Each structure stands twice: as C-alpha cells, then as structure tokens.
Amino acid sequence: MAALERGGADIVELGVPFSDPIADGPVIMRASERALAAGTTVEKVLETARQIREHSSIPIVLFTYLNPVMRYGFERLARRAKEVGIDGFLLTDLSVEEAAGFVSAVRAEGLDTVFLVAPTSTDRRLELVAQYCSGFVYVVSRTGVTGVQQQVSSSVRPLVERLRHFTQLPLGVGFGIANADQAAEVGSVADGVVVGSAFVRAIETTPPDQLFDTMERMARDLKQGALRGRG
Amino acid sequence: MLNVPDSGGHFGPYGGRYVPEVLMSPLDELEQAYHAARADESFQAELADLLKNYAGRPTPLFHAERLSRKLGGGKIYFKREDLLHTGAHKINNALGQALLARRMGKKRIIAETGAGQHGVATATACALLGLQCRVYMGEEDMRRQRLNVFRMRLCGAEVVGVTNGSRTLKDAISEAMRDWVTNVNTTYYLLGSALGAHPYPLMVRDFHRCIGEEARQQLLEREGRLPTMAIACVGGGSNAIGLFHAFIGDASVQLIGVEAGGRGKKTGDHAARFSGGAPGVLHGAYSYLLQNEDGQVALTHSISAGLDYALIGPEHAHLHDLGRAEYVDCDDATALAAAVELSRMEGLIPAMESSHAVAEAIRRAPMTAPDDILLVNLSGRGDKDIDIYRENLKELDSDSPQPAF
Ligand SMILES: Cc1ncc(COP(=O)(O)O)c(C=O)c1O
C-alpha cells in the first residue's frame, strides 16, 4: 500500500473476496480464491484499513460484491468503516434500483457510494446512476469482466462525454487498463484511471523481494501516463 | 399472491435485479421484448405449435394405481413431463426463450446446465431454429451426466466444462454470466430455471405454467375435483413453480416443494435452502441462500445434479414466507429408493431430481384418505441417470442379477 502511495496513487480500493465473482476475469478470480483460502473476511479487511490509516491518509474505497456486505449488515458496516477510516464503497453487483437501503446506511455515516456506468447504460440510466454516486463515478470501459487488454476500448470517449451531461463528479475509467499509454489515452478524456487486474497479476507473479519496487514503478508509470494524457 | 412480481421483479422482498450495471439496460430490453412477445398472437401461436407438434404437449396425466393401492391412501397422479421431447420439462422454457431470442435478432445463445436437461433442451431448440449454441457445465456434472453432454454435442452445441469452485451448476451459471457480460450485444442468455435477475424468474415461470394449467384441467375432467396436494422437486424451482402456479388461488390445494436433503444436515452436504440457508443474493436475485457467516456461498451436494444449487428461486421464497407453499427435503438414499419403487410398481424410471418428489408422495400417501388426490410432477425421465442408478444398484448390474421380487 505504501508502495502504491509512493508511486502516486490517489485512491486505493481494498477488496473483500466473494466466492462467486461473476464480474471478474481469471486474474481476480484466482486472487479471490487465494484470499478466501487464507481466511479473508469483511472484518479482516476492516482491520487492514485501520492499519493503513495509522500511517496514511490516502482515500480508501472498499469494493466487493453485495452478499458479504449484506450478511455483515449495512448499518454495522457503515459504522465500522467510519471508525477505521474507510471513505467509500463500491459493490459490483448492486444496481441502483436495489440500492436505497445500502446508500442511506452509508451516507448516514458521511461516507461515499460509488456506482458503475457501462457502455450499455442508456442516457436515462446514466442520469439515474449519477444521482446515487458520491465521491466519483466509475466508468466501465467496455462490456466484459475485469482483466487487462491490449487496447483501450473505443466506447470510453463517447460514454464519458455522455456522462458529463449528467454529473459534475470526477469520472474514473477502469477495466482493462494496464500501462502508461493506455492511462494517457484515458487521461485525455477522464479524471482518473482505475487499475485492478494489472496490479493483482503483478502480486501473483512477482518474487516477494521485488514486489514493492514493482508496484511503486507501475503506479508511477500509470500516474505519469494519466497526467501526460491530461496535457 | 398472484400479483407478483412487481414492476421491479420483486416477489415480496425477494427477486429483483442484482447485477452489474452492464446488464441493466439489456435486462430492460429483454423485459420489453418478452412483454411484447407475450402479447403477440403470432408468437404465442408459433410457441403453441412447437409445444404440441415438436415437444409433445399436452402431456398425459397418469393415475398410478398399483403404487397408490400399495401405499394405501389417496390416489397418486403423475403429470408426465418426462414424456416430453428431450426427456424433461425444460423444453417448455427452452423453446419459449429460443423463439424470443430469434425475435430479438440474437443469433448466439448461451446457457448453463446442471443435470444437462436444460442444456439438451437448449441445444435442441437452437438446432431447430438454426441458432448458435454454447452450454456451460461444471466438470463434476459433465462426469455424472455424461450422456447429456454427448446429446448436446450431437445437436451441434459446444459444451464448455467449468473448473471453478464446486464445478457444478452454480459455477456454470457464473461462467455463463461472465460470457454474457462480455458479449451482451450479440448474445442471448437462455437461463434454465426460475432464477436470476428480473425478468427471468417471471419469464421461466410463465413458460412452465402450462404444466399446472393442464394438470388442473385434466384432473377436473377425470375426477371432477382439485388435488389435495401438488408435489414437485425444487432445484432452482422451474418445474415446481410451473406446477404450483395454476393452484395458488385454490386455497384447498397444498403446495409442497421438495429440496435435496443430500447426504446429511451439515452445510455442504445438501441443498435444502429453507432449513439451512438465509436470505442473500446470488446470480442476480435475492432469495434463500446457503451461505456461511461471512456471506460466502456454501458448497452443496445432491445425488441429482439438477437440485444441487445454493439458491432457491425467489417466487418460492415468497410462497414459503407467506405460508402458501411448504418445503421439505428428501435425502439421496430416500430419493434413490423411491426411484426403484416407481420403476418396479409402475414401469416409470424417473429422473433423479423427480425421484425426490416421488419420495415425498410415497411418504405422505399412507397418511391420506382414499378420496385424497396427490398430484406429483414427474419432471423428467431417468435415462440420463442410468449410470448413477447402476453405480448405486450394483446387484442389478451383475451377470446374475438378484430377482427384484
Ligand atoms: C428432470 C429435472 N427435474 C427438475 C430439475 C430441477 O430444476 P427446476 O427446479 O428448475 O425444475 C431438473 C434440472 O436440471 C431436471 O433435469
């Protein structure tokens, strides 16, 4: 985490693994399996957040699927999240249509709710989803599961442009972004770049003694790419 | 009770639409297309023609006299969905949705399958309508339902083995959803049970409603009265909701769903969602879910691949909470014994799934009065399960088999 921050990350997502991650590709599926095998729970991720907060003020978004959070209890989670210094939430499979109870519990503690928009979202939906968002809006770059890809999807620009009509919030684009050039391309239209699988893959494949340096370098490259894109 | 789901797909608190945003607009489109098709006479006429002349509807209602007499209670009637083309009720829904897919201009169909019956029905419907078909199936299920894998391939479908998790139905649905999320613009997801995000539970139920409607009519003609109880096995819940629906408004008719009791009461050993689970979200719907205290989905077990799933269809959760339907479970050994009994007494070899419903009828019949009627949905035939029967009934599979009687 410190390495990412040194590399220039502005926000970090802390994931709670779920047994059936339907929106994730192989890299995050494997990571979820490893995390579950190691006994990761909502409670343990909250504890990790608390430890990060002891020496860092980087904003933390807790991201997962709905069921672990529902089981833990919305109010209880919002309260504990506030205590340990978490800033917001992102639940992959919670549609805004079903989100009223969750959003009111989280907002009652003054925390943010980030929702996703996708290339398939109609204008009506972009407007609706934006109303449920605080902090930032997560723009899914393409139809598909998480995982790196060669090129940034051509859906990104028109989607971001459509979404700007409905919100003043910063827009972060994710799904498939892995290198500085892609970050630059996204940076030229959006406010932020969200990188998941590329880091998770690095954690999976890098020897432990080189991991922190690798993470820091990746973060720095991506950040510079994104800033270059903004021009 | 009959006024469900609401416009958001809720059956009381259950059901709904819990999916990634990518799928929300496509589900809206699907819902609109379905409502338009339902109101379109030519769509209904084409489906009715296929159900009659291709699938074999209406299915007979059979009075199992020898079995009823032996058990010494009311009359047991079987609704013979096992006689349908491809061998189970699943074809009702597969034909309906495949026609809908074609109407929506989708040429690529994906499906999940557990026992393989939905996969076979989908592969069959796709062959009939000239659609491309890919079926996801857990590797454990491919092993135990080998015959159906081959049937799907013979009909031109591609069968993709899923190696994640428990390698059963749950994992096959997850993988089908990943495909759908990726190819949503070109692909129709033909879901095989009364599960998933709205409008699937509604649509699948509607395509199977003919089961109960026919049975109700047939009983009224034959007996001049309604059944005392209607019994069906419940995996995701499609054959059961198809049977139940025509009787929900008939307060005198007991509705009984039978879940898989597996090999024991321990989590992981069964698929009894009501006794062992708690409300939660899986694959797009909120309903009773087998899960651990951290909200991770639990593993399940059943001798029948088609009942081996962690979530029950949301309309069943609603009927359960209202007390309108009652849910029990039946373990592997009891289901197996019921299959043997039905084969010997009536010459009907049931699917392993359907055997769970048969077992419940056998259990209840002696407690009923002679003028009671037990209506049982025989959702499928046992051809696909012959290997399971052989494995468990070794005494019949030797060169000098034991005499049955
Ligand atoms: C013959 C048969 N009955 C029942 C089921 C269970 O499904 P459902 O609960 O949707 O009817 C299956 C599923 O594969 C099946 O093949």
Side-chain angles (χ1 to χ4, degrees), chain A residues 16-26 29-30 32-33 35-36 39-45 64-73 91-99 115-126 128-129 132 137-140 142-147 155 175, chain B residues 6-10 13 15-29 163-166 170-187 196-198 277-287 289-299 310-311:
Chain A
V16 177
F18 182 50
S19 51
D20 299 83
I22 54 152
D24 286 301
M29 280 165 68
R30 283 198 302 272
S32 304
E33 277 176 25
L36 284 173
T40 310
T41 61
V42 170
E43 200 59 61
K44 289 188 177 155
V45 174
T64 181
Y65 288 77
L66 176 59
N67 203 57
V69 165
M70 192 179 250
R71 184 73 185 203
Y72 193 88
L91 302 179
T92 314
D93 58 343
L94 178 62
S95 64
V96 295
E97 275 81 349
E98 308 287 356
F115 285 88
L116 301 99
V117 298
T120 51
S121 305
T122 56
D123 282 356
R124 188 190 70 76
R125 291 203 60 80
L126 293 183
L128 184 69
V129 174
Y132 280 81
V137 183
Y138 191 131
V139 178
V140 176
R142 53 170 161 83
T143 61
V145 293
T146 55
S155 333
F175 275 49
Chain B
D6 69 10
S7 62
H10 301 100
R17 205 177 259 179
Y18 296 86
V19 292
E21 173 62 23
V22 187
L23 296 178
M24 290 301 285
S25 291
L27 284 165
D28 277 339
E29 268 168 49
T163 54
N164 308 320
S166 52
K170 167 174 89 82
D171 311 289
I173 297 182
S174 291
E175 210 50 36
M177 287 185 80
R178 291 187 188 104
D179 182 321
W180 197 35
V181 162
T182 307
N183 302 300
V184 63
N185 293 318
T186 57
T187 297
H198 180 59
V281 167
L282 180 65
H283 295 144
Y286 179 58
S287 186
L289 174 66
L290 289 165
Q291 54 181 315
N292 70 14
E293 62 279 11
D294 298 320
Q296 305 298 340
V297 178
L299 296 183
L311 187 106

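Because the structure is a prediction, the values reported are computed rather than measured. Chain letters run A, B, ... following the sequence lines, proteins first and then strands; every chain starts at 1.
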Fill in the blank from the handout: Honestly, the part of B/Pro26 sitting under 4.5 Å from a heavy atom of chain A is side chain

Completion exercise
If one checks every heavy atom of A/Pro119 against chain B at 4.5 Å, the contacting part turns out to be neither

Handout entry: Contact class of A/Tyr72 relative to chain B, heavy atoms under 4.5 angstrom
Key = neither

Fill in the blank from the handout: Closest heavy-atom pair, A/Leu66 versus A/Asp93, reported as atoms and distance to 0.1 Å, is N-OD1, 2.7 Å

Practice task
Could you check A/Asp24, A/Asp20, A/Thr92 and say which one makes a side chain to side chain donor-acceptor pair (under 3.5 Å) with A/Tyr65?
Solution key: A/Asp24

Practice task
Could you grab the distance from atom NZ of B/Lys170 to atom CG of B/Leu311, nearest 0.5 Å is fine?
Solution key: 11.5 Å

Completion exercise
Rounding to 0.5 Å, atoms OG (A/Ser121) and CG (B/Leu23) come to a distance of 10.5 Å

Exercise for the section: State the CZ-OG1 distance between A/Arg71 and A/Thr41, to the nearest 0.5 angstrom. Expected result: 13.0 Å

Handout entry: Contacting moiety of B/Asp28, where chain A heavy atoms sit under 4.5 Å
Key = side chain

Fill in the blank from the handout: Most contact-rich option vs chain B, by heavy-atom pairs under 4.5 angstrom, among A/Val140, A/Leu91, A/Leu36, A/Leu94, is A/Leu36

Exercise for the section: Could you tell me which of A/Glu33, A/Arg125, A/Arg142, A/Met70 has the largest number of non-hydrogen atom pairs under 4.5 Å with chain B? Expected result: A/Arg125

Completion exercise
Applying a strict 4.5 Å limit to non-hydrogen atoms, the region of A/Val42 in contact with chain B is neither

Exercise for the section: Can you label the angle between the A/Tyr138 ring and the A/Phe175 ring as parallel, tilted or perpendicular, going by 30° and 60°? Expected result: perpendicular

Exercise for the section: Flag the one option from B/Ala298, B/Ala197, B/Ser174 with the top tally of heavy-atom pairs under 4.5 Å to chain A. Expected result: B/Ser174

Practice task
Please report the closest heavy-atom contact between B/Pro279 and B/Tyr286, naming both atoms and the distance.
Solution key: CB-OH, 3.3 Å

Practice task
Would you mind checking which part of B/Val184 comes under 4.5 Å of any heavy atom in chain A, side chain (CB onward), backbone (N, CA, C, O), both or neither?
Solution key: side chain

Fill in the blank from the handout: Minimal heavy-atom distance between B/Gln296 and A/Pro68, with the atoms involved, is NE2-CG, 4.2 Å

Problem - Per-residue contact mode, A/Val129 against chain B (heavy atom under 4.5 angstrom) - result: side chain

Problem - Engaged part of B/Ile173 at the chain A interface, taking heavy atoms whose separation is under 4.5 Å - result: neither

Completion exercise
chain A shares the most heavy-atom pairs under 4.5 Å, among B/Gly280, B/Ala278, B/Pro20, with B/Pro20

